[in-house]
Amino acid sequence: MLQRPEHQVAGQEAGSGTLGPLIDGSGNFYKPLNPSDERGAHELAFYTSFYSDTRVPHSIRSSFFPSFGGTRILPVPDLPDLLLPHLVLGDLLHAYTYPCVMDVKMGARTWYPSASEKDFEKYWKKDVESTTPLNFEVYHESGRWKPHRDGVRKYTVTDVRQSLRQFVSKKPDETPPDCALASSVYGGSNGILAQLLELKSWFEDQTLFHFYSTSLLIAYDKGGKAAQVKLIDFAHVMKGEGIIDHNFLGGLCSLIKWVSEILTDFEPAVGLTDPEAAAGPAEPEATVGPTENETH
């Protein structure tokens with residue numbers, strides 16, 4: 001039976017005739033393709049191209065991108081007579097019991113080169129007003145904790161650093177955050193930092209795509225499942241034309257730097273005494289922010 005994702009932290013939610021993602025409880029995530037919105041067609045074209053491009057390493061595709069199973073015609077919730085095509089993607093939180101999820105938009109610039117004047121003004125306004133926001137929710141001892149989305153949109157860099165600490169705290173609503181889970185979630189050979197560094201090494205070389213307005217979904221399970229990093233939201237991906245995606249890479253370097261600082265502060269034995277060396281050069285204006293389209 002199709003249902004709305006319980007742990008969607010950003011984007012438009014399905015219901016009352018509104019288009020939004022659905023899950024089937026069997027590991028599939030369905031993202032609607034609105035025929036009146038070209039973004040859906042663009043995202044489908046990206047998935048089709050990306051999963052058939054032999055230049056993309058299999059390890060990158062399987063580790064950092066949702067699985068893709070084509071499209072499927074499904075009814076819209078509360079409008080059963082309306083049938084629309086949906087992207088069939090992997091439900092990234094399917095195996096999680098108590099998921100802790102963060103949605104981080106990467107890069108200082110979310111508008112793309114071919115954007116219309118109207119779209120440019122919309123995204124430029126968001127980039128200026130939403131300095132470094134993100135969306136997330138955390139499970140802790142007394143249940144689920146999630147900051148209010150409107151407040152998150154006004155976050156400063158200091159607020160984002162605080163949020164990255166809250167994300168790995170047993171009591172995220174306390175000040176200062178205890179960061180009790182920093183080592184197990186961010187650290188280690190399979191932790192978030194190691195995955196971000198692996199992703200960074202690919203972005204330092206890849207010139208196939210430029211990922212505008214794309215997010216990183218960062219998740220771990222307090223039920224014991226491994227942490228993961230996935231790219232999501234591909235409605236504005238452009239061909240790289242042989243040029244490195246400095247916009248996304250700059251945001252990724254900033255995120256790596258902030259995560260490294262947390263591990264340095266709370267786990268000196270990790271050995272990251274120079275976070276900037278681990279992260280590489282970060283663009284000062286690189287930002288992270290809320291996604292528009294989905295959370296898996």
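Quick caveat, the model's predicted, so the values are computed rather than measured.
Between atom CG of residue Leu208 and atom CZ of residue Arg55 there is a gap of 4.5 Å, rounded to the nearest 0.5 Å. For the atom pair NZ of Lys31 and OH of Tyr47, the computed distance is 6.5 Å after rounding to the nearest 0.5 Å. We find the CG-CG distance between Leu22 and Asn28 to be 11.5 Å, quoted to the nearest 0.5 Å. Atom CG in Leu196 sits 12.0 Å away from atom CH2 in Trp258 (nearest 0.5 Å). Interatomic distance, CE of Met106 versus CG of Leu231, reported as 8.5 Å (0.5 Å rounding). Rounding to the nearest 0.5 Å places CG of Leu89 at 13.0 Å from CD1 of Ile23.
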> Run the side-chain contact (heavy atoms from CB on, under 4.5 Å) check on Arg165 and Asp265 step by step: do they pass?
Replying inline: CA-CA 11 Å; Arg165 285 167 163 76; Asp265 290 343; 2.7 Å; yes

>> Under the criterion side-chain contact (heavy atoms from CB on, under 4.5 Å), I'd like the reasoning laid out for Val56 against Phe50: C-alpha separation, chi angles, the key distance, then a yes or no.
In response: CA-CA 7 Å; Val56 179; Phe50 181 79; 3.6 Å; yes

>> Assess the residue pair Phe209 and Phe234 against the criterion (ring-ring contact (aromatic ring centres under 6.0 Å, His included)); give the C-alpha distance rounded to whole Å, side-chain angles, the decisive distance to 0.1 Å, and a yes or no.
In response: CA-CA 10 Å; Phe209 306 100; Phe234 305 113; 9.1 Å; no

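Residues Asp221 and Ala95 share a closest heavy-atom pair of OD2-O, 4.3 Å. Considering all non-hydrogen atoms of both residues, Phe167 and Tyr220 come closest at O-OH, 2.6 Å. Between Ala194 and Ser189, the shortest heavy-atom distance links the atoms CB-O, 3.4 Å. Of all heavy-atom pairs spanning Asp245 and Gln206, the tightest one is CB-NE2, 4.2 Å. Among all heavy-atom pairs drawn from Lys200 and Cys253, the shortest one is CE-SG, 3.7 Å. The two residues Leu164 and Val168 come nearest to each other via the heavy atoms O-CG2, 3.6 Å.
Note on ring orientation: taking the six-membered ring where Trp is involved, the planes of Tyr212 and His210 are perpendicular (angle over 60°, cut-offs 30° and 60°).
The shortest side-chain heavy-atom distance between Leu193 and Ile256 falls under the 4.5 Å cut-off. Here the side chains of Lys222 and Cys100 are in contact, with some heavy-atom distance below 4.5 Å. Within the 4.5 Å cutoff, the side chain of Ile243 has no heavy atoms near those of the Thr207 side chain. Within the 4.5 Å cutoff, the side chain of Lys257 has heavy atoms near those of the Arg161 side chain.
No donor-acceptor pair under 3.5 Å is formed between the side chain of Gln166 and the backbone N or O of Asp173. No donor-acceptor distance shorter than 3.5 angstrom exists from the side chain of Arg4 to the backbone of Gly20, with no hydrogens or angles considered. Of the possible donor and acceptor atoms, none in the side chain of Asp24 sits under 3.5 Å from a partner among the backbone N and O of Leu2.
Linking Ile, Leu, Val, Met, Phe, Trp and Tyr residues whenever their side-chain heavy atoms come within less than 4.5 Å leaves Leu87 and Leu83 in two separate clusters.
Residues that satisfy the side-chain contact (heavy atoms from CB on, under 4.5 Å) test with Ala180, not counting sequence neighbours, are Lys170, Asp178. Residues meeting the side-chain hydrogen bond (donor to acceptor under 3.5 Å, both in side chains) test with Ser36, sequence neighbours left out: Asn34.
Salt-bridge formation is not detected for the pair Glu43/Arg39: no Lys NZ or Arg NE/NH1/NH2 atom is positioned less than 4.0 Å from an Asp or Glu carboxylate oxygen.
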What donor-acceptor contacts under 3.5 angstrom involve side-chain atoms of residues 62-77, with partners at least two apart or in another chain?
| from | atom 1 | to | atom 2 | distance (Å) |
| --- | --- | --- | --- | --- |
| Ser62 | OG | His58 | O | 2.9 |
| Ser62 | OG | Ser59 | O | 3.4 |
| Ser63 | OG | Ser59 | O | 2.7 |
| Ser67 | OG | Gly90 | N | 3.3 |
| Arg72 | NH1 | Tyr30 | OH | 3.0 |

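Between the side chains of Lys105 and Ser213, a donor-acceptor pair is found at a separation under 3.5 Å.
Shown here is Lys225, whose NZ atom has no more than 12 heavy atoms of other residues, nucleotides or ligands within 6.0 Å.
Considering Val185, Val101, Val104 as possible partners of Ile218, the one that fulfils the side chain to side chain contact (heavy atoms under 4.5 Å, CB included) test is Val104.
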